[in-house]
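A, B, ... follow the sequence lines: proteins, then strands. Residue 1 opens every chain. All values below come from the heavy atoms of this structure, side chains included, with hydrogens, waters and symmetry mates left out.
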Amino acid sequence: MLLIPCPWCGPRPEAEFVCAGEVLPPRPADPNAVGDAAWTDYLVMRRNVRGVHDERWWHVRGCGSWLTLRRDTATHRILANDSAPGGRE
Amino acid sequence: MSAAGPPMTARRYAVALRRLAPRARFEACGAPEDLIAALHAAGLPVPERHNSSIGSDGDVRIDWLGPRRFVISAPLEREEAVGGALEAVFAGFAAADVACVTDIVVTFEIAGPGAADVLAQGTPLDVGSASFAPASATGTELWGVGVVVERPIADPASFLVTVERSYAGYIEGWLDTAAGSGSDLKPGVMLACWRG
Amino acid sequence: MSPTARLAAGGEIDRARPLEFRFDGRQLIGFAGDTVASALIANGVHLTGRSFKLHRPRGIVGAGYEDSGALVHRVRPQPATNLLATVLPLEAGMELTSVNAWPSAAFDVGAMMQFLSALLPACFYYKTFMRPGWNWFEPAVRGLAGLGRLPDRDAWQPVTESRYGHCDALVAGGGPAGLAAALVAARAGARVILVDDGPFGGRLAGDGTVLDERPAARWVTGVVAELLATANVRMLPRSTVWGYHEHNYLTVVERAPRDAPDLDFRNWKIRARQVIIAAGAIERPIAFADNDRPGIMLASAVRTYVNHFAVLPGRKAIVFTNTDSGHAAAHDLAAAGASVTIVDARTEPGQGLLDAADARGIACHAGARVCKAYGSRRVSAVDVVGRSGEMMRLACDLVATSGGWNPAIHLATHNREARVSWSEALGGFLAEPVNGSFRLAGAANGHLGTAECLEEGARAGRAAVEAVGRIAPTINLPATRSEPTGIGPPVWAVAPRGKREKVFIDLSGDVTTADLGLAVREGFDSIELVKRYTTAGMGVDQGKTGNVNVIGIVGGLMNAAPAAIGTTTFRPPFVPVEFGAIAGARSGARLYPWRHTPLTEWHLAHGAAMAEAGLRWQRPRYYPQAGEGWLDAATREARTVRTSVGVYDGTPLGKFQLKGPGVPALLDLLYVNDFAALKPGRGKYGVMLTDDGLILDDGVTFRLDAARWLLHSSTGAADRVHQHLETILNVHRPDLDVSIIPVTSAFANATICGPRARDVLRALDPDFDVDGGPFPFMTVREGRIGGVPARVFRVSWTGELSYEINTAPRHAVAVWDRIMAAGARFGIAPIGSEANHILRVEAGYISTGHEVDGTSDVHDLGLGGMVSKTKTDFIGKRSMELRRRLDPVRPELVGLLPVDPACPVPEGAPITPRGAAADQEGFVSACVTSVALNRSIALGLLRSGRARIGETVHARVYGKIIPMQVVAPVFHDADRSRVKA
Amino acid sequence: MQRYSILSLARNALSYHEGWQRVWRSPPLKPAYDIVIVGAGGHGLSTAYHLAKEHALTDVAVIEKGWLGGGNTARNTHTIRANYLRDSSIRFHDASLRLYENMTRELNYNILFSQRSMVDLVQSSSKLRDLKRRSMAMALHGPTYDIVDIDEVRRLIPAMGDLKDARLPPLAGVVHPEAAMARHDAVAWSYARAADSRGVEIHQQTEVTGFLRGPDGRVAGVDTNRGTIRANKVALATAGNTSHVAALAGLTLPLVTRNLQAFVSEPIKPVIDVIANFPDVGLYVMQSDKGELVIGGGADPIPSYRQGCHFQTFEDTVASLLEIFPRFKSLKMLRQWGGAVEFAYDASPIISATPIGGLFVSTGWYGGFKAIPVGGLTYAHLLATGTPHPLAEAFLLDRFTGLRFLLEAGTVAQR
Ligand SMILES: Cc1cc2nc3c(=O)[nH]c(=O)nc-3n(C[C@H](O)[C@H](O)[C@H](O)COP(=O)(O)OP(=O)(O)OC[C@H]3O[C@@H](n4cnc5c(N)ncnc54)[C@H](O)[C@@H]3O)c2cc1C
Ligand SMILES: NC(=O)c1ccc[n+]([C@@H]2O[C@H](COP(=O)([O-])OP(=O)(O)OC[C@H]3O[C@@H](n4cnc5c(N)ncnc54)[C@H](O)[C@@H]3O)[C@@H](O)[C@H]2O)c1
Ligand SMILES: Cc1cc2nc3c(=O)[nH]c(=O)nc-3n(C[C@H](O)[C@H](O)[C@H](O)COP(=O)(O)O)c2cc1C
Ligand SMILES: [Zn+2]
């Protein structure tokens, strides 16, 4: 069970969170303005990094914060937590 | 709804488990600054730190459970009064909201020297007195279900566990098992989660 | 009377408490404090079972978890199998038998495997048993494989508890290093958990160590007493740290917890800020021909039997060693009255050792090696090659081997935070933390002297408490006598004289040095491949004693240093752990929650059969009356709704209260249809997609007043929808100012439906007008019914006039009772999900798990008309359009009428062209016997289905072909006049 | 290739088994090959074998960063089955089963293929509907998946408890008689031996660290820790590591890698004959020929390459195990491990050319042990002919650009 540094609560057990996957590029403001390939790439492609990547977590059973975690997917080591405490991102 | 249920008997751990009488309960949600302003406007205090609770006049309690979440509770008799006041205050905010959630939850009290041993069977949260000081209140997980755990300032040796009512029978059964009372729950049959 | 091998005095056993037990039918006696192994040896029993593959006689090798296979089967009490005799506490009245032996270890029929052994090198089975086929041979092989036989219905079901724990410092191992570490941390006021798999003290008792000029036990007792008395310390004796997971999360199994006599096990899941691994070291054997004979043991185990258990494992002992600690074992044996010969592989063991042996009358052959053992059920002699090659045959009844010490680094590597390196000095592997999350101390870190172990333990304790911000006290460590701890160059195995000889390198897997040779010869050129080809290290001891020898030998065969060979991966559990201990009390009603509505008790009292309706909610399936099966009941309930009125419990429907200026934009992004213009008091059915253009959920959202909306999700999708909303607001559109309060359980929902629904509602005494004009379809009224505050939504999922009456749960039962009373004169029936299903299919409403299976979009389901023509974007729009543009041929929702009206079609039945055994062109998503039409009706998804109305298509059900007519997907109230009445 | 048989065993016994030859050679690495296959797991080796056998292409090297078969092939719970819903999935996996049935003889290597059948216990009506739908779809194409009553399940899995107090009610069963298990390591070794004997080279401890590109942007070879290897075609069979390797060529794929774990008990005498599957709780159990129970559950909920133990997932699996088999409470776990498996966006496999010329992928195999023979057959066809094999036309990468997902009902959670 990972120990996840919540910006609001401090380090908390993984069981309280939902992992929402790697941080993707932002959703195009106007999806119609991007080409088909760019759109489907945005949807289905994942960097799926072996090593350090950024991912989103939702502290659903704790304080409700969303946070971005920098984690090494090969070791689970957590390198940083880029989220400001409180509020939405 | 009736008063508190009778204490259950425990065998393995010295604990007393009780289902508490319901309190009026309100969820407040919104931007942190709005919520704090709303509490002030309602004449209610804000807890000193995150994940803790503070009492106010008339046995009103304010739990600060998340950046966008407060829970205000009060004796059931004052449900309408407190609810009305909160409604009035929140009506003045465009995006901060309050909802009466009295009936959503059931609260259990776990008291006695074995209380932490019973809770630790279900929650990965550290409820030790150093990390979870009196007046602490936080959302966490208990036996796979989201709950709010509190260490009341009035009786720091006990814990309050508040759980969504639909899960109350399950949590009650687990507390009973964890206390080592050896009673055998029949699966499928709910444990009167609407008892009382 | 004391058994034969029991020493007259000494040991940590309670001679006042003799315990009788049986092994393979023999009545034996031991003492409280014995393990089964020590009691067996005390009774002169060395043969405990038969080996895994070859059924060779096997005995006790170790004195703790490191033993490679002295497994016994417990018949009484608590029937269980594969119990390790060296860690199993002796109990009065135990009845034990050997494993993998029939009828007994002494006379085992399977032993004929030995005669085949020449044919059976490692993995021989890959090379044969191909004709006529493996299935001809497999049953026999399976019968011979496996060790113990799991007890049948009477199998022991241990009572267990699983719990979390938290501490500043977890100390794994309570030998001198661990005790010193724990003491420092405890005195610093840190929260400490000290775990040891035996009684505390580690090797001190077994080694007969002296501390402060007294038996070490005194010091241990004092430290343990202090730690027990310290409030911030938790002592876990007879407990094993069995896994070290990410972020300093450790799993510990506590056996027979003292604070809870009703428990057999407690599994701890501990988050430690600091971890100190002081797990000691495991002695490694030296292998030679027939080194698996009973009576051939590790020297450290022999010492433990003599010093700790006061049993003498043999009267005529050979100690085959290349370590100084082997000499210590010889002295212990001699002091206990055995005649001892040391065979020291080192040419120069050191004059001190030689003199000491001489003084005790112990013969010592330096530069010599044991190369073969004799005896079958117990060792009777060994051949020794002397320094200059001369052969001696020495009679004996015990061989103790000591080939060096392997630090117990297993745990340290579980967590991927350690670097493993080879220590030339030790001839073993060491682990080194790569970040500061844990420390190793004592023998686990390669220190063999007690003084160093104590000091390093204290140092580790200090560092750990300082790392958590405490000030560490200095403590006084006991004085030790310096003991020699020399180790000679490794001797992994003594080469056998003949090729037929078997030199066992992994006793629990029956792996020999020849097997290793074969593997390397065949090109299995890495230690991991050798492991898998020969199974070395895969047996019940997971290579605890033999692995390093295997690595050394493979290195020799491949001309590589052990450092280059490396270890295999150590994995949890550190020792085998009962599954029961891991799961704790989680079973039956405690496996997962069932969620209940306030009405569950009413339903049960009225005979409802309950089932899960999604997200663990329990809802009535049907309410059978006398003599009714489920289908009868469901049909009756559905008919009651069509003809009069029914009521169902709709409480679990997901509910979210939304407020804020961003809500209209949120809803417009969320749903395919337009919501921004929704007026207060009105509701709208909406469908939401995932961004890849497939249906996520559907439901009705109401605008309660100017500021608030109430969004309904389907029962099973509530969590998914909640996360979807949160994702939009936190990731995609943080600019939208919206608050969400989940209020699912804040309302109980009794839904009345049927042509008489309005009459029933009126009879409930509402304080608002219920006529169709003032209270039209898709609107909400807030008010009171019979004085109870209520919110009534006029929506329908049944194809009938319908009202969802929402009240606070505290009123739910009363309101429901009043509905039943008010409806009595119309013959109201409570209805369950089965009747609901019939009604939905008749009305052509889609349902989750049937038509909505995660693969279709709104157009597919005939809801294309809902899709907003004006919005430039909503979640899923771009994808849905893209997909349809590239491939307009889609499965489409249709109604299906089986040509034989009495013929039900199984839900899920594939539709194929003309019913041929060919690719599917659709499937039957739902099929019921309609109460409105009195015939079988179905919904289905059919390729280009809407254009095929009027055609006959065919379901193929295991070769049976069912013709069906394609019709519009609505069988009742096609113009929705009843719903909107 | 040295023939294996009882006679050759007996003959070798006379020379104390010192006459056995290497199972695969270890030739020097050449600077160039026609085709380089990256990853010597089951899929890579099977592909190499089929290139040689069906297409007479032997200028092929399989390069492996670790030891042969040490990826998921070493870690999987060796279940082979064909119970799918979509026509193309059923056909593909059925073909694989048929290839497995002949593999021991074809490769002259006993892979311990054992058709013990799989028995699903169904504990919810929605699952029953799902499986019944699969069952009827499978009947269109050959493999059997029979709905049976609960007594039949008890007869087939007598070790089950009575489930009187079970949280989920036992409703029915589904029996898949063709389902089998085979010794996982032996599958890799047998293909290695067969491919090697047909001239393919296998190079262990050779890790791809980059790609060589031609002037036209095509992949022209790979960089490795042992130097550059030129190749006309590079075929990835790198299981959980595919995103990582593809990224070296600048290619992104619709994949997420997660940890899938399994564990074994101590060996005991036979208690379970069939592959017992419990889809409602996400648990399956079988007993290997050595006697240990092999147990698996669901994948970890987070992206992970850690090959370890996600404790909550593991504990859920154990709790479910004991709910169904209370007598296993006193049985001990011997070892627990994990593998990094990758899930495609639609949770179906990918066997395809890529937008980069000369670069091919076979991936998405979170349950791809069963597909090793047919995966190799079809991947080899694609590599050799440039066109997809008829059995694998549904598994091309371009289905994602058209958002034409291949969705097996019940697996949509991946999206
Ligand atoms: C616990 C578990 C249980 C499973 N159970 C089943 C089951 O019951 N049935 C089933 O059908 N499937 C099962 N699977 C899935 C199955 O194991 C895999 O789908 C299958 O083994 C994949 O084979 P492969 O050859 O693609 O991968 P692998 O065997 O993993 O081979 C890929 C190889 O590529 C190598 N590689 C990676 N990167 C590089 C590089 N840069 N350079 C060189 N080489 C590289 C790796 O080292 C590895 O050896 C299970 C998986 C796991 C983890
Ligand atoms: N003379 C020699 O050559 C020699 C060699 C080795 C050890 N020793 C002696 O042994 C002692 C070593 O001291 P130490 O404290 O480092 O080790 P130790 O062996 O005394 O104690 C380690 C303890 O940890 C326990 N343990 C191991 N793994 C565990 C786990 N996963 N969970 C719970 N408990 C676990 C062991 O059973 C043991 O009780 C010293 O007295 C040393 O002199 C001497
Ligand atoms: C089907 C199967 C059966 C296994 N049986 C055993 C076993 O009996 N004993 C054992 O130690 N390991 C067994 N293993 C696990 C391996 O030892 C090893 O953990 C696995 O191949 C993963 O490799 P790693 O642990 O080196 O990373 C088995 C693995 C599989 C896939
Ligand atoms: Zn938080």
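Using a 4.5 Å cut-off between heavy atoms, D:N108 touches chain C through backbone and side chain atoms alike. For a residue to count as touching a neighbouring chain, one of its non-hydrogen atoms must lie under 4.5 Å from one of that chain's; by this rule D:L7 does not touch chain C. Heavy atoms of D:Q307 lying under 4.5 Å from chain C belong to its backbone as well as its side chain. Contact annotation for D:E18: both backbone and side-chain heavy atoms come within less than 4.5 Å of a heavy atom of chain C. In this structure, chain C has no heavy atom under 4.5 Å from any part of D:T144. Contacts of D:D289 with chain C are made by both backbone and side-chain atoms, with heavy-atom separations under 4.5 Å. For D:A319, the parts lying under 4.5 angstrom from a heavy atom of chain C are both the backbone and the side chain. Contacts of D:I324 with chain C are absent, with no heavy-atom separation under 4.5 Å from either backbone or side chain. Proximity to chain C (any heavy atom under 4.5 Å) is restricted, for D:H141, to the side chain, taken from C-beta onward. Proximity to chain C (any heavy atom under 4.5 Å) is shown, for D:V23, by both the backbone and the side chain. For chain C, no part of D:E292 is nearby; none of its heavy atoms comes within less than 4.5 Å. The parts of D:Y109 that come within reach of chain C are both its backbone and its side chain, each placing non-hydrogen atoms under 4.5 angstrom from that chain. If you measure heavy-atom distances from D:R105 to chain C, the contacts under 4.5 Å come from the side chain alone. In this structure, chain D has a heavy atom under 4.5 Å from the backbone of C:A916, while its side chain stays farther away. For chain C, the nearby parts of D:S135 are the backbone and the side chain; heavy atoms of each come within less than 4.5 Å.
Salt bridge D:R167/D:E323: absent, no basic N to carboxylate O contact under 4.0 Å. Under a 4.0 Å N-O distance rule, the pair D:D196/D:R22 does not qualify as a salt bridge.
Remark: the C:H850 side chain and the D:R129 side chain contain an N/O donor-acceptor pair separated by less than 3.5 Å. Side-chain N/O atoms of D:R116 and D:S114 include a donor and acceptor closer than 3.5 Å. In this model, no donor atom of one side chain and acceptor atom of the other lie less than 3.5 Å apart for D:H184 and D:T73.
Residue with the most contacts toward chain C among D:G291, D:S8, D:P267, D:G402: D:P267 (heavy-atom pairs, distance under 4.5 Å). The greatest number of non-hydrogen atom pairs below 4.5 Å with chain C, out of D:T317, D:L112, D:I6, is found for D:L112.
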Practice prompt. Walk me through it: do C:T160 and C:N267 pass the test side chain to side chain contact (heavy atoms under 4.5 Å, CB included)?
Written response: CA-CA 8 Å; C:T160 67; C:N267 192 47; over 6 Å; no

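In this structure, the side chain of D:T104 engages the main chain of D:I111 through a donor-acceptor pair within 3.5 Å. Between the side chain of D:R75 and the backbone N or O of D:G338 there is at least one donor-acceptor pair closer than 3.5 Å.
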